[in-house]
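All remarks here apply to the structure that follows.
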Protein chains: 2
Amino acid sequence: MNHKSLLDYINKFISLTVEEENILLSKTTNRRYLKDQYIVQQGDVCKSVNFIISGCTKTFYMDQEGQEHIVMFAIEDWWTSDLGSHITQTPADFNVQCIEQTQLIQFTYDNLEELYKEIPKLERLFRKIVERAFVASQKRIIRNFSLSAKERYQVFKTTYPKIDQRVPQYMIASYLGITKEFLSKIKSQIIQGQ
Amino acid sequence: MNHKSLLDYINKFISLTVEEENILLSKTTNRRYLKDQYIVQQGDVCKSVNFIISGCTKTFYMDQEGQEHIVMFAIEDWWTSDLGSHITQTPADFNVQCIEQTQLIQFTYDNLEELYKEIPKLERLFRKIVERAFVASQKRIIRNFSLSAKERYQVFKTTYPKIDQRVPQYMIASYLGITKEFLSKIKSQIIQGQ
DNA sequence: AATAAAAGTTAATCTAGTTTAACTTCATTT
DNA sequence: AAATGAAGTTAAACTAGATTAACTTTTATT
């Protein structure tokens, strides 16, 4: 069952009755995207919060000069969305695009609002999820300021070994805030023992 | 009344009955800190989430080399804490220190857990607060990557004009991720019309 | 199997921001 | 009013990482 990984995930934070689980699932949609398809497009209002069953996405910002800046990757058991756009229902700053064929469970804005009413415990679930996301984001800001590019890459590799293997190198460079050329140099330095 | 600004703030997100307001206030502590005092110290477990009535704080990380990296400032009507330490009750990564004499309303870990049980609506309140904080944090990551130091300073000045005026320049440099010398150069460039 | 396109590498040159250090201005204490 | 220290400035020398550009390897398409 596709829903199993979502219910298992939720169960780590709160416990739902079978009835509540059914309500929850009835208000979500299982959806498949192909490689390169967009889940959210910069400028559009983000219509959903998405739990990934399988696959991999990147969330990025396209700047004035047409340069892509990746804010996050997401894989199985992670959430993806433009949360800023979702909560305010205003145009998205970010794009969310599939790097692989991706299957996800979508919570649309309206459905999620209804779910909060019908199962107030979900407020607690999402509070906890967003708390963790916020903490990770703050730590990343600090790492970007206090570590060199090489150190940041090493932290990335040990923190997200799965993503490091799955994602093309030029996207990792973008996530780290450096050019693909410089990441290439860093990698060859590491191979030659610093 | 000191509590007024907190209750007004909360009222923007959820509505509480007078009774609920009283429960909430009964589980908080009004506290004053002098300039330079620490609310949270790196290495200690963070015992509270704090709403600022008056004053100003900085949240910073002290790195290996003893360098201070400021993650955020907080003034009246903002929250301050080491949220990562608070939610996991593990040693803090950050220091929270008062830049001015600061008065705040403290929610201790235990009291907040009790409040979530007694007034489940508060889950919604804090979900929304943290959502906003997370969104701001993500946007900051992008700004740090896609803008030059000068542009980041200009964004900071227009986004937080009050903080720009209140806080010593070397702390703003730290927040922007640059040296005080370079911020000084940037400011003189701006004065001389770019 | 051949070709094209996408991803990754290498090296030379360049630049935004750091480091160091001496100096000035402002605030606080006596 | 003098003195000490904290905050801010200026400028020269330096470096991490960007840019440009030519090249190689891998992957996808016919």
Side-chain angles (χ1 to χ4, degrees), chain A residues 34-37 56 58 60 63-70 73 97-101 141-157 163-194, chain B residues 34-37 56 58 60 63-70 73 97-101 141-157 163-194:
Chain A
L34 297 175
K35 185 168 189 278
D36 297 334
Q37 276 191 315
C56 184
K58 62 176 175 179
F60 67 98
D63 72 15
Q64 258 57 342
E65 286 90 45
Q67 257 220 301
E68 217 181 279
H69 300 275
I70 296 180
F73 295 109
Q97 189 182 14
C98 298
I99 301 177
E100 302 170 1
Q101 182 186 314
I141 289 173
I142 286 302
R143 264 186 262 123
N144 289 342
F145 283 150
S146 60
L147 302 180
S148 68
K150 190 195 278 182
E151 292 168 321
R152 271 179 275 148
Y153 175 59
Q154 285 166 327
V155 169
F156 176 80
K157 249 176 62 169
I163 295 176
D164 182 55
Q165 285 157 24
R166 264 162 98 161
V167 163
Q169 199 167 305
Y170 73 92
M171 289 187 196
I172 295 173
S174 169
Y175 176 88
L176 295 172
I178 59 179
T179 59
K180 57 190 184 343
E181 290 86 355
F182 194 56
L183 178 54
S184 184
K185 195 176 175 182
I186 285 171
K187 287 187 95 167
S188 78
Q189 279 174 4
I190 290 171
I191 289 163
Q192 286 149 40
Q194 254 58 248
Chain B
L34 297 174
K35 186 169 187 275
D36 296 335
Q37 278 191 316
C56 183
K58 62 175 175 181
F60 66 98
D63 72 15
Q64 258 57 342
E65 286 88 46
Q67 257 220 303
E68 218 180 279
H69 300 275
I70 297 181
F73 295 108
Q97 189 181 16
C98 299
I99 302 177
E100 303 171 3
Q101 182 184 317
I141 289 173
I142 285 302
R143 263 185 263 121
N144 290 343
F145 283 151
S146 59
L147 302 180
S148 69
K150 189 194 275 182
E151 290 167 323
R152 272 180 274 149
Y153 175 59
Q154 285 166 326
V155 169
F156 176 80
K157 250 176 61 171
I163 295 178
D164 183 55
Q165 284 158 26
R166 265 161 99 161
V167 163
Q169 201 167 304
Y170 73 92
M171 291 187 195
I172 294 173
S174 170
Y175 176 88
L176 295 173
I178 58 178
T179 58
K180 56 192 182 347
E181 291 85 355
F182 194 56
L183 178 54
S184 185
K185 195 175 174 184
I186 285 170
K187 288 186 94 168
S188 77
Q189 279 174 4
I190 290 171
I191 289 163
Q192 286 149 40
Q194 255 54 253

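Naming: A, B, ... by sequence-line order, numbering from 1 per chain.
Put simply, CG on B:D63 is 14 Å from P on C:dT18, counting in whole angstrom units. The CD-P distance, from B:E65 to C:dT20, rounds to 12 Å in whole Å. Following rounding to the nearest Å, B:I190 (CD1) and D:dT9 (P) show an atom-to-atom distance of 12 Å. Spacing between atom NZ of A:K35 and atom C1' of C:dA6 amounts to 10 Å, rounded to whole angstrom units. Going from atom OH of A:Y153 over to atom P of D:dG17 covers 15 Å, rounded to whole Å. Distance NZ (B:K185) to C1' (D:dA13): 12 Å, rounded to an integer number of Å. With rounding to whole Å, B:K187 atom NZ is found 16 Å from C:dT25 atom P. In this structure, B:I186 atom CD1 and D:dG8 atom P are separated by 14 Å, rounded to whole Å.
Comparing C:dA7, C:dG17, D:dG8 by their closest approach to the side chain of B:Q169 singles out D:dG8.
Remark: side-chain polar atoms of A:S146 are not paired, donor with acceptor, to backbone N or O of B:D63 under 3.5 angstrom. Here the side chain of B:Q97 pairs a donor or acceptor atom with the backbone of B:D36 at under 3.5 angstrom.
The terminal axes of the helix from C:dA1-D:dT30 to C:dT30-D:dA1, fitted over 5 pairs per end, subtend an angle of 50° to the nearest 10°.
With sequence neighbours left out, A:F145 forms a side chain to side chain contact (heavy atoms under 4.5 Å, CB included) with A:I141, B:H69, B:R140, B:N144, B:R152.
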Audit row: B:Y153, B:K187, side chain to side chain contact (heavy atoms under 4.5 Å, CB included) steps and yes/no: CA-CA 9 Å; B:Y153 175 59; B:K187 288 186 94 168; 3.3 Å; yes
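Residues from residues 176-184 of chain A lying near DNA chain D, meaning a heavy-atom separation below 4.0 Å, are A:G177, A:I178, A:T179, A:E181, A:F182 in numerical order.
Between A:R152 and D:dG17, a side-chain N or O to OP1/OP2 separation shorter than 4.0 Å is present.
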